[in-house]
There are 2 protein chains.
Amino acid sequence: MTSPGYLEGTKHVGTEPVGREDAEACRFDRDPFQWDAREDCQVRQILDRIADKWSLLVIALLDEKTLRFGELVREIDGISKRMLTVTLRNLERDGLVGRTVYPVVPPRVEYELTALGRTLLGTTQALVSWSEEHQEEIARARQKFEATNTAG
Amino acid sequence: MTSPGYLEGTKHVGTEPVGREDAEACRFDRDPFQWDAREDCQVRQILDRIADKWSLLVIALLDEKTLRFGELVREIDGISKRMLTVTLRNLERDGLVGRTVYPVVPPRVEYELTALGRTLLGTTQALVSWSEEHQEEIARARQKFEATNTAG
DNA sequence: CTGGATCCCTGCGGATACTG
DNA sequence: CAGTATCCGCAGGGATCCAG
């Protein structure tokens with residue numbers, strides 16, 4: 001066993017070599033809405049990936065900036081080395097980030113967004129913008145909800 | 001204890017009555033990038049919510065359509081009643097969906113997007129669109145990655 | 001410095017049985 | 001129909017030690 005458990009087989013059910021499952025195993029069989037129902041499962045898988053708690057942050061930090069592993073750890077700060085490794089691997093695997101290893105004495109590895117990753121950037125920022133714009137509104141809604149619940 | 005464990009206290013760490021934690025307890029202390037660093041934590045919490053595996057689907061299904069609980073269960077199909085309840089509660093709590101109870105003999109409860117929820121719709125669809133447009137590209141990247149890994 | 005390997009706790013989320 | 005209460009498996013993810 002040369003591969004770590006968390007990088008192969010153990011986790012990420014929807015991440016396994018799905019190849020191009022022909023959407024037949026897909027559980028979404030409802031009538032087509034605005035998106036094609038079959039596409040939806042794929043979407044969820046991709047979405048699960050990019051929204052897996054760290055990916056978006058990594059992508060955001062990598063915006064037009066090449067960063068080293070250690071820099072990312074320090075920038076994100078809340079992340080552990082393990083999760084950064086896993087996240088980076090997933091993003092690399094999906095072709096969203098590129099990994100460059102410099103064969104120097106103290107290992108130097110740099111990560112950067114690929115063209116594909118850069119296209120995602122705009123979308124994620126839209127999501128971020130929305131969150132920023134509406135966070136107060138949401139906070140108020142929560143308090144209201146809590147109040148209603150507590151008072152009840 | 002009148003509240004079920006999964007609706008209060010047991011789960012959703014970032015969901016607890018955060019109120020408006022003044023971003024001081026926030027672990028993002030890095031220099032401001034394109035987003036204000038302090039905002040980022042809030043963003044992550046909101047993002048964790050709307051991307052929690054089911055929320056996006058629910059929001060999408062609720063697009064300009066009022067649906068009943070059972071309808072949602074059947075539409076999403078992969079979801080359990082428990083998770084739909086939890087998801088719906090969270091969305092309601094955040095003011096993204098509205099809940100209407102009709103006091104009739106067979107209980108009838110309808111869910112609909114609020115104005116706030118509707119604003120999110122566009123953003124989520126952008127994400128979905130991106131996923132749709134690039135899913136093949138990603139699939140190819142994965143295969144390539146796998147091949148490189150396997151062949152190595 | 002850049003990870004890989006392990007241990008282990010926690011919470012997400014599914015299944016099921018029970019109510020009003 | 002619309003939840004509610006519980007039990008429980010499993011993946012997510014942190015801490016730590018180890019290696020090149």
Side-chain angles (χ1 to χ4, degrees), chain A residues 1-16 27 44-45 48-49 51-55 57-58 66-92 97 99-111 149, chain B residues 1-16 27 44-45 48-49 51-55 57-58 66-90 92 97 99-111 149 152:
Chain A
M1 288 305 223
T2 52
S3 301
Y6 60 87
L7 280 184
E8 192 172 65
T10 312
K11 299 159 192 293
H12 287 109
V13 278
T15 307
E16 298 313 273
R27 280 132 90 189
R44 253 266 301 284
Q45 289 182 27
D48 280 352
R49 166 66 36 78
D52 71 339
K53 187 171 191 179
W54 298 118
S55 294
L57 281 314
V58 172
T66 293
L67 292 175
R68 300 178 56 181
F69 186 86
E71 289 177 322
L72 281 169
V73 171
R74 260 172 283 117
E75 293 286 24
I76 301 185
D77 177 58
I79 201 172
S80 63
K81 289 196 299 178
R82 196 181 82 88
M83 284 321 294
L84 181 56
T85 302
V86 173
T87 302
L88 249 18
R89 280 284 202 201
N90 285 332
L91 292 175
E92 186 192 355
V97 308
R99 180 172 180 266
T100 309
V101 182
Y102 295 87
V104 291
V105 187
R108 179 188 186 84
V109 182
E110 292 187 348
Y111 294 91
N149 242 19
Chain B
M1 285 308 219
T2 53
S3 302
Y6 60 86
L7 280 183
E8 192 171 67
T10 312
K11 299 158 193 291
H12 288 108
V13 278
T15 307
E16 299 312 274
R27 282 132 91 190
R44 253 267 302 284
Q45 290 182 26
D48 280 351
R49 167 66 37 77
D52 72 337
K53 188 172 190 178
W54 298 117
S55 294
L57 281 313
V58 172
T66 294
L67 292 175
R68 300 178 56 181
F69 186 86
E71 289 176 323
L72 282 168
V73 172
R74 260 171 284 118
E75 292 286 23
I76 301 186
D77 176 59
I79 201 174
S80 64
K81 288 197 299 181
R82 195 182 83 89
M83 285 320 295
L84 181 56
T85 301
V86 173
T87 302
L88 248 18
R89 280 283 204 201
N90 285 332
E92 186 191 355
V97 307
R99 180 172 180 266
T100 309
V101 182
Y102 297 86
V104 290
V105 186
R108 179 187 186 86
V109 181
E110 292 187 348
Y111 295 90
N149 242 19

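All chains are named by letter (A, B, ...) in the order of the sequence lines, taking the proteins before the strands, and each is independently numbered beginning at 1.
- Every residue meeting the side chain to side chain contact (heavy atoms under 4.5 Å, CB included) condition with Lys53(B), not counting sequence neighbours, appears here in chain and number order: Arg44(A).
- Nucleotide dG11(C) holds its P atom 18 Å from the NZ atom of Lys53(B), rounded to whole Å.
- Comparing atom distances between the Lys81(A) side chain and each of dT4(D), dC17(D), dG13(D) picks out dC17(D) as nearest.
- Every residue meeting the side chain to side chain contact (heavy atoms under 4.5 Å, CB included) condition with Val101(B), not counting sequence neighbours, appears here in chain and number order: Arg99(B), Val109(B).
- Listed nucleotides: dT6(C), dG14(C), dC1(C). Nearest to the side chain of Arg68(A): dC1(C).
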> Trp54(B) and Leu84(B): side-chain contact (heavy atoms from CB on, under 4.5 Å), yes or no, with the steps?
Replying inline: CA-CA 8 Å; Trp54(B) 298 117; Leu84(B) 181 56; over 6 Å; no

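- Within residues 101-110 of chain A, the residues that place at least one heavy atom under 4.0 Å from DNA chain C are, in residue-number order, Pro107(A), Val109(A).
- Protein atom CG of Asp52(A) is 12 Å distant from nucleotide atom C1' of dA11(D), rounded to whole Å.
- Of the candidate nucleotides dG3(D), dT4(D), dA15(D), dT4(D) has the atom nearest to the side chain of Arg89(B).
- Met83(A) places its CE atom 17 Å from the C1' atom of dT2(C), with the value rounded to the nearest Å.
- Nucleotide dA2(D) holds its C1' atom 15 Å from the CG atom of Leu67(B), rounded to whole Å.
- Atoms CG (Asn90(B)) and P (dG11(C)) sit 15 Å apart, rounded to a whole Å.
- Here CZ of Phe69(B) is found 3.5 Å from OG1 of Thr85(B). Values are rounded to the nearest 0.5 Å.
- Formation of a donor-acceptor pair under 3.5 Å by the Glu71(B) side chain with backbone atoms of Arg68(B) is found in this model.
- In this structure, the CZ atom of Arg74(A) is 12 Å from the C1' atom of dT2(C), given to the nearest Å.
- Listed nucleotides dG14(D), dG3(C), dG3(D) differ in distance to Thr85(B); the shortest reach to its side chain belongs to dG3(D).
- Atom P of nucleotide dG20(D) and atom CZ of Phe69(A) are separated by 18 Å, given to the nearest angstrom.
- Atom CG of Leu57(A) is separated from atom P of dG13(D) by 12 Å (rounded to the nearest Å).
- An end-to-end axis angle of 40° holds for the helix from dC1(C)-dG20(D) to dG20(C)-dC1(D), taken from five base pairs per end and rounded to 10°.
- Applying the side chain to side chain donor-acceptor pair (under 3.5 Å) criterion to Glu110(B), with sequence neighbours excluded, gives Tyr102(B), Arg108(B).
- Just one residue in the list Val58(A), Leu57(A), Leu72(A) forms a side-chain contact (heavy atoms from CB on, under 4.5 Å) with Thr87(A), and that residue is Val58(A).
- For Arg82(A), counting side-chain heavy atoms from C-beta on, the closest listed nucleotide (dT6(C), dT2(C), dG14(C)) is dT6(C).
- Counting heavy atoms from C-beta on, the side chains of Tyr111(B) and Leu67(B) never come closer than 4.5 Å.
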> For Ser55(A) and Leu91(A), what are the C-alpha separation, side-chain angles and deciding distance, and is it a side-chain contact (heavy atoms from CB on, under 4.5 Å)?
Replying inline: CA-CA 7 Å; Ser55(A) 294; Leu91(A) 292 175; 4.0 Å; yes

